[in-house]
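Shown next, in structure tokens, is the structure this report addresses.
Fair warning: this is a prediction, and the values are worked out from it, not measured in the lab. These numbers come from the heavy atoms of this one structure, side chains and all, not from hydrogens, waters or symmetry mates.
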Amino acid sequence: MKYDFNKIEKKWQDYWENNNCYKTDTNLDKPKLYVLDMFPYPSGEGIHVGHLKGYVATDIYSRYKRLKGFNVLHPMGWDAFGLPAENYAIKHGIHPKITTKKNIDNIKRQMMDAGLSYDWDREINTTDKDYYKWTQWIFVKLFENGLAYKKMLPINWCPSCKTGLANEEVVDGKCERCGTLTTKKDIDQWVLKITDYAEQLLDGLDDIDWPDKIKEMQKNWIGKSEGFEFDFKIEDKLVSVFTTRIDTLFGCTYLVLSPEHPLVDEINFENKDEVSGYIEKAKNKSERERIAEVKDKTGVELKGIKAINPINGKEVPVFIADYVLSNYGTGAIMAVPAHDERDYDFAKKYNLEITEVVKDDILINSSQFNGLTSEKAKEEIGKHLGATKKINYKLRDWLFSRQRYWGEPIPIINCSKCGPVVETNLPLELPEVEKYEPTGTGDSPLAGIESWVNVTCPKCGGNAKRETNTMPQWAGSCWYYFRYLDNKNDDSFVGKELEEKWLPVDLYVGGAEHAVLHLLYARFWHKFLFNIGYASTKEPFYKLRNIGLVLAYDGQKMSKSKGNVVSPDEVIKNYGADTLRIYEMFMGPFEQAIQWNEQGLKGVNRFLNKLWGIEVKEESSPEVVIYVDKMINRIENELEKMKFNTPIAFLMEFIDFVSRHDLGKKEMEKILIVFSVFAPHFSEELWERLGNKESILKQQWPNVNLVEDEEFSLMIQVNGKLRDKDVFNSNISKEELIEEVKKREKIKKWIDDKEIEDIVYVPKRLINIVLCAE
RNA sequence: GCCGAGGUGGCGGAAUUGGCAGACGCGUAUGCCUUAGGAGCAUAUGCCCUUGUGGUGUGAGGGUUCGACUCCCUCCCUCGGCACCA
């Protein structure tokens with residue numbers, strides 16, 4: 001007996017849409033719950049079953065919470081600026097706006113086909129001028145607060161995308177998008193001072209419920225280290241070094257400067273040619289080569305000069321080596337080969353002195369500091385030298401300009417007299433352009449539109465030029481969760497009251513790949529908006545959960561190029577949306593990566609058909625009444641923990657149970673309300689067939705009556721091994737029970753004539769008779 | 001190397017947080033039904049043996065406990081992230 005999912009699903013999707021069933025009134029006087037998916041980039045391929053897995057999970061959670069009486073905000077939108085649409089435009093000459101629109105329509109249809117309960121009135125699109133007006137507005141605020149500045153600096157450059165990239169976008173020396181090896185290039189760039197927020201970004205992690213993995217990744221990325229900064233003397237010059245291990249200063253046997261260190265030009269040494277040769281070579285090394293050479297360190301000594309160790313006046317040789325980075329700390333280090341692996345490798349290679357100064361955490365060979373613990377010695381030596389306490393971060397400022405077309409124009413006018421001046425007339429619209437092709441020169445295609453570029457300076461009225469770089473992909477997603485609250489507001493990026501009522505996002509679900517990209521950037525912008533009074537919470541996303549990948553049938557990641565992508569369209573066509581939804585949840589814990597398996601899909605479909613064909617009587621048998629309430633209670637506990645696989649297993653067990661008992665209308669209705677969060681179309685239909693006029697969405701999560709069981713099943717162990725079990729009446733006393741158990745043939749046999757040492761009794765669960773050891 | 005997550009049948013995974021290991025699903029086997037089955041239904045299904053009131057079993061080894069997949073120690077392996085950040 002199969003159900004006609006095609007017909008049913010269409011029927012109810014139309015019903016929900018026509019009756020505005022998923023509209024959220026943000027002003028209702030009910031507890032609020034903001035459940036958010038990471039919004040997708042509207043790609044031409046549409047979404048695959050992997051994306052849908054996350055959307056289904058939040059959909060189930062939202063539906064469950066609505067039934068529990070929460071006012072749930074569950075919106076969706078489009079992160080639509082980005083390279084694929086632009087590359088498509090370059091190839092085919094079709095404006096990204098057009099392809100983007102087409103892709104959005106398609107994905108939106110896919111989402112509706114899957115029965116996702118989004119409030120589409122709140123839909124946003126980062127490429128709408130009414131949206132990016134506010135992205136630009138926030139940029140202006142950053143600029144006005146000194147957090148956006150322009151600087152000529154060597155940046156990561158992707159020769160294929162012909163644009164600069166942020167540190168976070170370079171993975172393994174390669175462009176995060178296209179995999180091309182990046183190079184360095186000097187370009188005048190807009191940079192956001194995320195480093196000013198390093199400490200706040202670190203602190204905030206303590207207050208949010210995020211996976212440890214993501215928190216740790218952000219911590220490592222920010223990379224805080226506390227230490228001291230102080231000077232070594234070389235001739236009449238001072239060289240500042242940073243160290244976290246000032247306690248090992250007596251073990252410093254040489255000094256290393258980075259190849260870019262300015263001091264190299266200021267001091268005289270013998271082997272000038274050799275040194276400049278080395279520096280030149282180091283400069284030309286690609287990111288790749290540097291990474292590959294980690295094991296084999298190179299360097300060159302500055303012959304004829306020495307540095308003086310300030311703690312003991314000892315003369316040590318000075319090296320230039322590219323294992324010391326110019327953009328971290330002071331670009332110079334004291335090398336302690338005995339206590340630093342990198343220094344050790346280098347010292348071994350160049351045959352340098354290695355002096356041990358800490359043993360078992362106690363200082364040795366360190367003159368008056370001998371005998372101190374490392375911890376204490378740091379303090380004492382620091383004080384003795386008058387060294388400055390210093391905190392360094394690995395985090396770098398965020399490179400914010402891109403030399404591409406399809407992004408938010410940076411609302412700045414460059415005036416030769418006044419410098420950068422803010423464009424006040426927002427939105428600054430992205431103009432039409434003839435050629436989308438990036439120029440490769442560091443200008444974006446916008447630079448070619450003279451009428452747009454040449455303007456008068458709003459300050460002095462002189463000739464000025466617009467900024468032609470655009471913002472990166474990540475800009476629009478840094479604040480979109482505000483906009484859903486108030487997406488039609490023309491006066492403000494969000495209404496104050498709504499913002500205060502609805503933030504933070506209670507549950508945020510998406511992939512882990514955004515750990516140090518979107519999730520870090522968005523926290524930065526949010527904290528900035530908090531600091532200038534536009535946000536009322538310190539963090540944007542209170543609870544974060546990551547979806548595990550849906551791997552293809554072959555165990556590999558789904559990708560278009562491998563041809564192993566499963567589209568929800570074909571699954572829905574063959575099995576229906578409810579089967580797809582349930583299968584995606586039943587696969588396993590949703591935070592885990594699991595392989596797609598068509599057989600599993602069939603199993604779920606079989607289950608739905610069984611439930612469809614179940615016979616509903618007038619009255620349930622008493623054990624069914626108890627069973628149903630117990631099960632609903634268990635399902636509720638699992639949903640609270642965001643476990644979606646086990647509730648489905650419970651429902652499958654239930655089918656087996658009622659095949660031996662009578663299921664009445666009342667219990668079936670309870671089950672359907674619960675089941676509607678997983679399979680909304682299916683449940684609406686059966687709900688209606690039971691004679692209900694009002695949509696199942698309007699119902700409440702069933703109240704359950706949990707009764708004490710009259711009987712319980714007891715495990716009987718002897719010496720911790722299960723030897724027997726039986727069912728007893730709940731009223732039985734411990735003493736009676738023990739007497740009863742001892743009399744049992746099976747147990748007597750094991751006790752034999754041995755002496756009983758102890759009897760462990762766990763009420764209503766187990767009895768363990770412990771015998772004396774022989 | 002460092003950080004994080006994990007290791008349970010042929011496979012995906014359960015286990016009320018220290019109390020019946022393997023729920024549920026897939027697969028497989030046998031049977032029923034069928035003109036037919038890549039449909040449906042029923043039963044069985046961790047491994048071992050001498051088939052029992054048996055032994056053994058959650059990556060390996062040790063420990064705590066009446067009792068350990070669960071807690072502690074040592075080690076191995078897999079996946080994800082970072083990687084010369086002093």
Torsion-based syn/anti label for B/U17, 90° from 0 as limit: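 B/U17: syn.
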
Anti or syn - B/G10, cut at 90° from 0: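 This nucleotide is in anti.
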
Using Watson-Crick or G-U wobble geometry with both distances under 3.5 Å, which nucleotide pairs with [N]?
N     : result
B/C66 : B/G19
B/G80 : B/C3
B/C41 : B/G31
B/G25 : B/C11
B/C47 : B/G55
B/G61 : B/C73

Any A/Y323 side-chain N or O less than 4.0 Å from OP1/OP2 of B/A86: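 Checking B/A86 against A/Y323, no side-chain N or O comes under 4.0 Å of OP1 or OP2.
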
Distance test, side-chain N/O of A/R606 to OP1/OP2 of B/C41, below 4.0 Å: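 Answer no for this pair, as no side-chain N or O of A/R606 is under 4.0 Å from OP1 or OP2.
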
What is the nucleic acid contact for [X], judged by heavy atoms within less than 4.0 Å: base, sugar-phosphate only, or nothing?
X      : value
A/R723 : sugar-phosphate
A/V604 : nothing
A/K643 : sugar-phosphate
A/P211 : nothing
A/N392 : nothing
A/L325 : base
A/G603 : sugar-phosphate

Using only heavy-atom distances, decide whether a donor-acceptor pair under 3.5 angstrom links the side-chain of [X] to the base of [N].
X      : N     : result
A/N768 : B/C66 : yes
A/K297 : B/C84 : yes
A/Q717 : B/G19 : yes

Roughly how many Å apart are [M] and [N], using the [atom1] atom of each and rounding to a whole number?
N     : M     : atom1 : result
B/U78 : B/G31 : P     : 44 Å
B/G63 : B/C49 : P     : 29 Å
B/C11 : B/C48 : P     : 15 Å
B/C75 : B/G81 : P     : 26 Å
B/C20 : B/A86 : P     : 48 Å

Would you find a donor on one side and an acceptor on the other, under 3.5 Å apart, between the side chain of [X] and the backbone of [Y]?
X      : Y      : answer
A/R545 : A/V509 : no
A/D322 : A/A282 : no
A/N574 : A/E570 : yes

Polar contact flag, side-chain donor to acceptor under 3.5 angstrom, A/E653-A/Y627: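 No pair is found: no donor N or O on one side chain lies under 3.5 Å from an acceptor on the other.
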
Check: A/F346 ring centroid to A/F319 ring centroid under 6.0 Å: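 Between A/F346 and A/F319, the centre distance is under 6.0 Å.
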
Geometric cation-pi criterion A/R523 and A/W210, 6.0 Å radius, 45° cone: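 Ring-cation test returns yes.
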
